[in-house]
Amino acid sequence: MPEYERPQDISVKDIAEGAAAFLTILFSEGGFSDTEKCMYKFVCAGSIEHFIYRELLKYSGVINFKTSENVSETNQLLYRLVTVYFLHCRYNAKLDRGDPKSYNLEALDDFLYEVMNGAANGCGISFPTKKNEFFEAVSKSSFRLVLPHACYIWNAPKYSEGAKDCVQIMLSVTSFDDENKKSYKEFVLYLLTKERNFIYDFSQNSSVFWLNTVDLPRSGQTYKIEETFSPDKDLILLCLALGFNVKVLDRLIKLRDKALEDYYKQNGKHKNVRDFKAPYIKAEEEKILRDLLEHSGERLAKVRSLDLDDKQIPRRMLFNANLELLERGLNPIIDLKDKEIYDSKDLLGTDGEKILDQKYEDKIQDKFGKTKRKIRKPQ
């Protein structure tokens with residue numbers, strides 16, 4: 001795996017929680033214990049450095065970066081690099097590695113500067129300024145870490161608040177508000193936002209997401225999943241489509257069940273979970289799909305590598321899961337349409353046509369003239 005790629009089997013939420021914990025360590029006073037030094041130097045050798053480069057130079061969505069208003073658009077990259085340099089210096093200070101003048105921002109660390117040049121190139125960018133100009137910017141910067149319940153500030157030696165040539169840099173970490181979403185409806189709508197799924201904002205109309213984006217019809221109904229006591233299989237498909245893990249699924253099921261209890265308390269009668277025949281998910285299919293959710297981060301990264309519009313990603317996530325079910329001889333979860341029919345046959349290899357004939361009805365034309373193949377009811 002390339003050095004500056006995000007791990008494919010770790011969710012953005014988990015990366016963000018790790019980033020918040022580690023940045024707090026870097027900004028806080030005190031160094032590492034001897035045991036911690038051994039762990040970071042030898043067990044985690046290189047991984048922390050690569051994490052800093054990756055999250056500030058190659059990716060967005062976890063560590064949020066902002067400068068004071070006196071920084072022009074053209075100089076944003078310079079101060080992002082200044083921040084990367086500062087974080088490495090804080091890490092060196094914790095390890096007591098190198099010259100204290102360097103990691104206290106009193107003198108340029110030439111070795112770090114050269115290594116950063118190489119890492120920046122590895123992330124697809126180049127240093128926009130010369131060495132002396134770069135360190136001048138470092139020495140006149142203030143670095144702030146703002147978290148929900150804490151704020152840390154480190155000022156470089158030449159920083160003077162209010163001076164025109166001095167810059168404030170603020171870092172924060174994307175926070176996920178899962179635990180504060182107490183109701184089933186609230187949590188579903190939150191999962192549909194781009195803030196939470198990092199794909200696209202589907203929250204404005206969940207029926208459009210369900211019926212058009214992932215194309216899972218419900219007898220022609222306007223199906224708003226947040227307004228319906230959805231069956232487990234629909235919650236599984238929602239998590240599969242948006243790249244969420246089993247923890248999210250289990251929380252959805254728990255909140256749905258609580259909503260059912262609340263309905264009974266308020267109305268004095270029971271409300272049942274909705275029942276939809278298709279897709280025909282039995283215990284074996286459900287087990288496989290839950291297993292797939294354990295690797296949602298990796299699966300989403302694979303789909304992101306394709307040349308797709310963001311709104312096409314959820315459908316492709318379901319298509320890939322569908323293919324894995326077919327390969328195992330299990331029931332499919334989506335009707336196939338147009339190119340998906342031929343792609344499935346090709347990807348399933350020599351038995352592709354036979355598998356599709358076993359699991360799908362013959363090709364049909366819908367009212368829009370599009371070719372579809374409907375899931376065959378299991379015998």
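Model, not experiment: these values are computed from the prediction.
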Ignoring hydrogens, what is the shortest heavy-atom contact between [X] and [Y]? Give both atom names and the distance.
X      : Y      : result
Leu242 : Pro314 : CD2-CG, 4.2 Å
Arg54  : Tyr4   : CG-O, 3.3 Å
Lys345 : Glu353 : CD-OE1, 2.8 Å

Taking Phe127 as the starting point, is it possible to reach Phe111 by hopping between hydrophobic residues whose side chains are less than 4.5 Å apart? yes
Please answer: with hydrophobic residues joined when any side-chain heavy atoms are less than 4.5 Å apart, are Phe42 and Leu95 in the same cluster? no
Taking the inter-plane angle between the rings of [X] and [Y] on a 0 to 90° scale, is it parallel (under 30°), tilted (30 to 60°) or perpendicular (over 60°)?
X      : Y      : result
Trp154 : Phe86  : tilted
Phe51  : Phe22  : perpendicular
Phe176 : Phe198 : tilted

Check this for me: does any side-chain nitrogen of one of [X] and [Y] sit under 4.0 Å from a carboxylate oxygen of the other?
X      : Y      : value
Glu286 : Lys282 : no
Lys247 : Asp178 : no
Lys101 : Asp109 : no
Glu136 : Lys158 : yes
Glu49  : Arg97  : yes
Lys13  : Glu17  : yes
Asp309 : Arg316 : no
Asp250 : Lys254 : no
Arg373 : Asp335 : no
Arg218 : Asp234 : yes

Could you tell me whether the side chains of [X] and [Y] share a donor-acceptor contact shorter than 3.5 Å?
X      : Y      : answer
Thr35  : Ser33  : no
Asn245 : Ser296 : no
Glu226 : Ser206 : yes
Thr67  : Gln76  : yes
Glu227 : Tyr184 : no

For Tyr53 together with His88, are the ring centres under 6.0 Å from each other?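 For His88 and Tyr53, the ring centres are under 6.0 Å apart.
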Proximity of Tyr113 and Tyr85 rings by center, below 6.0 Å: no
Would you say Glu133's side chain and Thr129's backbone share a donor-acceptor pair under 3.5 angstrom?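 Here the side-chain-to-backbone pair does not exist.
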Checking Arg196 side chain against Leu191 main chain: does a donor-acceptor pair fall under 3.5 Å?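 Answer holds: no.
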Measure the shortest side-chain to side-chain distance between Val62 and Arg6 over non-hydrogen atoms and say whether it is less than 4.5 angstrom.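 They are in side-chain contact.
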Cut-off 3.5 Å, no hydrogens considered: what does the side-chain donor-acceptor table look like for residues 261-281, sequence neighbours left out?
| from | atom 1 | to | atom 2 | distance (Å) |
| --- | --- | --- | --- | --- |
| Asp262 | OD2 | Lys258 | NZ | 3.1 |
| Asn267 | ND2 | Tyr263 | O | 2.9 |
| Arg274 | NH2 | Gln221 | OE1 | 3.0 |

Using the rule given for salt bridge (charged side-chain N to carboxylate O under 4.0 Å, His left out), can you reason through Lys233 versus Glu285, listing the C-alpha separation, both sets of side-chain angles and the distance that settles it, and then say yes or no? CA-CA 10 Å; Lys233 62 184 173 185; Glu285 282 87 6; over 6 Å; no
Strictly by salt bridge (Lys or Arg N to Asp or Glu O under 4.0 Å), give each pair with a member in residues 61-83 just once, sequence neighbours left out.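 Those involving residues 61-83 do not exist here.
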Enclosure of Lys37 NZ (heavy-atom neighbours >12, cutoff 6.0 Å):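 Yes, enclosed.
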Within 6.0 Å of OH in Tyr200, more than 12 heavy atoms from elsewhere: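 Result for OH/Tyr200: open.
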Between Glu324 and Arg328, is a salt bridge (charged side-chain N to carboxylate O under 4.0 Å, His left out) present by the stated rule, with each step listed? CA-CA 6 Å; Glu324 294 189 48; Arg328 291 173 166 86; 3.8 Å; yes
Measure the spacing between CG of Asn155 and CD of Glu161 and express it to the nearest 0.5 Å. 8.0 Å
Face-on cation placement of Arg251 at Phe187 ring, 6.0 Å and 45° thresholds: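 Yes, a cation-pi geometry holds between Arg251 and Phe187.
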Applying the salt bridge (charged side-chain N to carboxylate O under 4.0 Å, His left out) criterion to Glu361, which one of Lys372, Lys374, Arg376 satisfies it?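 So the option named by the test is Arg376.
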